[in-house]
Amino acid sequence: MSAAVKAVTAEYFAVFREQAGTDRETVETAAETPAALYQELAARHGFAEHAERCKVAVNDTLSDWHSPLAEGDRVLFFPPVAGG
Amino acid sequence: MSAAVKAVTAEYFAVFREQAGTDRETVETAAETPAALYQELAARHGFAEHAERCKVAVNDTLSDWHSPLAEGDRVLFFPPVAGG
Amino acid sequence: MEQTARMSVTASALDIATLQAALDDARAGGYASFEGRVRDRNEGREVCALHYEVHAPICISEGDRIIAEALARFDILDARCSHRTGDLELGEVAVWVGVTARHRDAAFAACRYIIDEVKHRLPIWKKEFYVDGDSGWVNCAGCAGHAHPGAPGDARVAGLSAGQDRRVRGVAHSR
Amino acid sequence: MEQTARMSVTASALDIATLQAALDDARAGGYASFEGRVRDRNEGREVCALHYEVHAPICISEGDRIIAEALARFDILDARCSHRTGDLELGEVAVWVGVTARHRDAAFAACRYIIDEVKHRLPIWKKEFYVDGDSGWVNCAGCAGHAHPGAPGDARVAGLSAGQDRRVRGVAHSR
């Protein structure tokens, strides 16, 4: 697993934004997917939600958690919605 | 069947009113129920609906077709409603 | 001492904002409503106007009974219904139902229940005027089969010119 | 060349009369609508205000997709949805759905479909402020069990003060 390190922007909403203490940050990461990136960031910021209850968008389009990440991507992390 | 003849008022609505050519009339009848009265009046005015598709009210209260009729009752004949 | 009716009948345009305001309730998380309107065709014929004939006292008492049934059956806060009478033009609202509830499940279910029952139980008759100059009272061929309210093909027209042969079980038509 | 969105997001009070007027259609025999409102309690706690956070671009694109699904699935004429963002007070309308159809079956079914999907798929988060001074983001414990939208007990609050131990499958609460 010698994946290249890339710079991406992580954007946070609602409870993620409050827990991260910011609405966006630039991250240097070897993560190849939004799922892997989420694991890194959840550990760093203490996000309590499993990814399967959340959604992710890449460059303002809803995305699969296992799509490939590219240099410069904006990755939006959406906590569970209000639902009911 | 030597039922006493009584005077009742028949009131007609919508297609019944148009077919009877009046909205109400006084009727001398031996009919003991609204159902029997309807048969008389349907024959006279050419009402085309079966009573089971219609409703009847006596003195402004929805009534059973087989309730007893009394002298002076106002009997309201309701053709089928628009439904759908 | 009698409670104000939740059902109303009116000869002028329905004032839905006012009707709806009577349902305001801080406990309400959901408000479901339905408007039945005069549309430009029915059963394939072009409609240009509509006349509703109503027996108001029984409309109101039976409409109130329907709403009381909805209040007993569903977890709703309140409900109202209002129906027009007289002459209506295309696009006008003929009937309105509004329901408030804590949650939307009950609001939707009760709103549907009320409009279905109103359409089948209230003494309200609809006379359609067609672009071709004809007119006729709209009947409900499915009234005996009440289990399928609103099913396509439910509405039929009993024309005024048809004769005695219409006196058959079911409905025959002038069309 | 892009078609105007049928979904909208707005920071000011929803102008339902204008939203509804966009749906006027002479072919419409029925109009079904739903309003979701801020209510005074949720899960037994007294609510005094609400804040909605929204990701508008995806709200609009995904909301439009939901309405397109409804147009394909149900025999309706048109539909619209609008959602508030920002700070709301008790009783204010947070979300509105309106649907026109020739017949009410389709109008009700599509209205229900749209509000259910909107509540579960759009990136909209609700923060409740309670009378006791506490606040929290409202989550949906049933999101994985999407089959029971709106079921009682669906909504849960993920409080802001809870720690790492909340990182379990399902939801843990600050209450």
Side-chain angles (χ1 to χ4, degrees), chain C residues 16-17 20-21 23-43 46-48 50 75 77 89-116 118-119 126 148-155, chain D residues 16-17 20-21 23-43 46-48 50 75 77 89-116 118-119 126 148-155:
Chain C
I16 291 170
Q20 182 178 346
L23 290 170
D24 278 350
D25 188 324
R27 298 168 298 168
Y31 163 79
S33 76
F34 178 78
E35 297 176 10
R37 298 181 186 170
V38 180
R39 62 201 168 99
D40 63 357
R41 50 183 54 241
N42 188 19
E43 299 280 304
E46 280 186 82
V47 175
C48 56
L50 214 64
D75 184 17
L77 295 165
E89 292 169 22
L90 288 190
E92 280 202 274
V93 178
V95 57
W96 166 87
V97 177
V99 178
T100 46
R102 289 180 182 82
H103 301 285
R104 67 184 179 280
D105 267 335
F108 275 106
C111 189
R112 184 65 203 259
Y113 177 81
I114 292 167
I115 187 64
D116 285 352
V118 159
K119 291 223 178 193
K126 181 162 73 171
H148 303 291
D154 230 1
Chain D
I16 292 170
Q20 182 179 345
L23 290 170
D24 278 349
D25 189 324
R27 297 169 297 168
Y31 163 79
S33 75
F34 178 79
E35 298 177 9
R37 300 180 184 171
V38 181
R39 63 199 167 100
D40 63 357
R41 50 183 55 240
N42 188 18
E43 297 280 304
E46 280 186 82
V47 175
C48 56
L50 215 64
D75 185 19
L77 295 166
E89 292 170 22
L90 288 190
E92 280 202 273
V93 178
V95 57
W96 167 87
V97 177
V99 178
T100 46
R102 288 180 183 80
H103 300 284
R104 67 184 179 282
D105 266 336
F108 274 106
C111 189
R112 184 65 203 259
Y113 177 81
I114 293 168
I115 186 65
D116 285 353
V118 159
K119 291 225 177 192
K126 181 161 75 171
H148 304 292
D154 229 1

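To find a chain, count down the sequence lines: A is the first, B the second, and so on, and within it residues start at 1.
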Determine the sole option in C:F108, C:F34, C:Y31 for which the ring-ring contact (aromatic ring centres under 6.0 Å, His included) test with D:F34 is passed.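 Of all the options given, the one that passes is C:F108.
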
How many angstroms lie between CG in D:L77 and CZ in C:R39, if you round to the nearest 0.5 Å?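 Interatomic distance, D:L77 CG to C:R39 CZ, rounded to 0.5 Å: 9.5 Å.
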
Taking atom CD of D:Q20 and atom CD1 of C:I16, what is their separation to the nearest 0.5 Å?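 It is 6.5 Å, given to the nearest 0.5 Å.
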
Part of [X] lying under 4.5 Å from any heavy atom of chain D:
X: C:V97; value: neither
X: C:R41; value: neither
X: C:E46; value: neither

For the interface with chain C, which of D:S33, D:G30, D:A32, D:A94 has the highest count of heavy-atom pairs at distances below 4.5 Å?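 Highest number of heavy-atom pairs under 4.5 Å: D:S33.
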
If you count heavy-atom pairs under 4.5 Å between each of C:G91, C:A28, C:G98, C:G36 and chain D, which one has the most?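 Heavy-atom pair counts peak at C:A28.
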
Between C:R112 and D:D105, does any side-chain N to carboxylate O distance fall below 4.0 Å?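 Counted as a salt bridge, because a side-chain N and a carboxylate O are separated by less than 4.0 Å.
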
May I ask you to say whether D:R37 pairs ionically with C:D25, meaning some side-chain N is under 4.0 Å from a carboxylate O?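 No, no charged N to carboxylate O under 4.0 Å.
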
Over all atoms of both residues, closest heavy-atom pair of C:K119 and D:R104: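 Residues C:K119 and D:R104, closest heavy atoms: CD-NH1, 3.5 Å.
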
